[in-house]
Amino acid sequence: MIDLQDVAAANARPPEFDAAFRDKFAELVAWRRDVRRFRRDPVAPELIHQLLDLAQLAPSVGNSQPWRFVSVDSAAMREKVRSNFLRCNEVAGNVYDGERAALYARLKLEGIDVAPRQFALFCDRATAQGQGVGRQTMPEALDYSVVAMIETFWLAARSHGLGVGWVSILDPEQITRDLDVPAEWKFIAYLCVGWPVEEHVDPELVRVAWQDRTRAGRDVLSR
Ligand SMILES: Cc1cc2nc3c(=O)[nH]c(=O)nc-3n(C[C@H](O)[C@H](O)[C@H](O)COP(=O)(O)O)c2cc1C
């Protein structure tokens, strides 16, 4: 782990990422999963702090670091988030018919009732940090910065064997009201974090025959 306090020393000794590291990194990417089934064991606060420190190194437009974490800890607040999910998921399920509807109803799409740590992630759309660089024409670049940070957090967690599950089936206005955050904060994601009960190299939605991986995003247009 690099010493973030000693940036000058770290600059003087840039690391070499060799082939063995690249292989391991590819494994890390391949074995990162969206996790919905968690053990109830607690996660050491020190580990969470370490992940949060590392996540601060993620890219952000203008170096704005607009991500804001809210740790959702109380049973009452988690119950509100879970009710929010259940309401939204029922509506979402109504879009499908027949076998698809039956399969949707069986999908496990969150771990809110069990995950020992849960974070709502917001983007501070009003942050002055970054002095507006890069976001005059695309204010949404701030939101993308939060997503880039989430991926860093997700991979870092996985490198410790810790699971992260992203829940987006939520009413963003409701969760923003429930969590009573500043009006300028835009809801981006709800993350469940904890030790997974199982590990897989293939996504759950592939395993349950909901959606395979395809090459849709692999082909590159040339102009
Ligand atoms: C923006 C975003 C929102 C997502 N929302 C949900 C969700 O609400 N519930 C869920 O179970 N998974 C959610 N996922 C996880 C995806 O289903 C998952 O990443 C995808 O099926 C591939 O599986 P993998 O992450 O294990 O590779 C979300 C992922 C992203 C990037």
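Model, not experiment: these values are computed from the prediction. The figures here come from the full heavy-atom set of this structure, side chains too, leaving out hydrogens, waters and symmetry mates. When a ligand or atom number is given, it counts from 1 through the structure's own listing order.
The nearest non-hydrogen atom to atom 18 (C) of ligand 1, considering only V29, D34, V147, L191, comes from D34. Residue W166 holds the heavy atom nearest to atom 6 (C) of ligand 1 of all those in W31, F85, W154, W166.
For the 3.5 Å distance criterion, the side chains of R135 and S64 fail to qualify, holding no donor opposite an acceptor. No hydrogens or angles considered: a donor-acceptor pair under 3.5 Å links the side chains of Q56 and W67. Judged purely by distance below 3.5 Å, without hydrogens or angles, the side chains of D178 and Q174 pair a donor atom with an acceptor atom.
Aromatic ring pairs are classed by plane angle as parallel below 30°, tilted from 30° to 60° and perpendicular above 60°; the pair F122 and W185 is tilted.
The single protein non-hydrogen atom nearest to atom 23 (O) of ligand 1 is P203 CB, 3.2 Å, given as residue, atom name and distance. Looking from atom 21 (O) of ligand 1 to the surrounding protein, the closest heavy atom is L205 CD1, 3.5 Å. The protein non-hydrogen atom at the shortest distance from atom 25 (O) of ligand 1 is R32 NH1, 2.9 Å. Atom 9 (N) of ligand 1 has L109 O, 2.9 Å as its closest protein atom, hydrogens excluded (heavy atom only).
Against a heavy-atom cut-off of under 4.0 Å, V167 is close to the following atoms of ligand 1: 7 (C), 8 (O). For ligand 1 and I169, the ligand atoms under 4.0 Å from any heavy atom of the residue are 8 (O). Atoms of ligand 1 found under 4.0 Å from any heavy atom of R33 (numbered from 1 in listed order, with element): 24 (P), 26 (O), 27 (O).
W154 places no side-chain N or O within 3.5 Å of a backbone atom of G165 that could act as its donor or acceptor partner.
Residue R36 touches ligand 1 through its side chain alone, judged by heavy-atom distances below 4.0 Å.
A ring-centre distance under 6.0 Å is found for W210 and Y96.
Here the shortest heavy-atom pairing between C88 and D171 reads SG-N, 3.3 Å.
Between S168 and ligand 1, at least one pair of N/O atoms sits closer than 3.5 Å.
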task: Evaluate the criterion side chain to side chain contact (heavy atoms under 4.5 Å, CB included) for residue pair D113 and E110; output intermediate values, then yes/no.
output: CA-CA 8 Å; D113 46 345; E110 49 74 46; 4.1 Å; yes
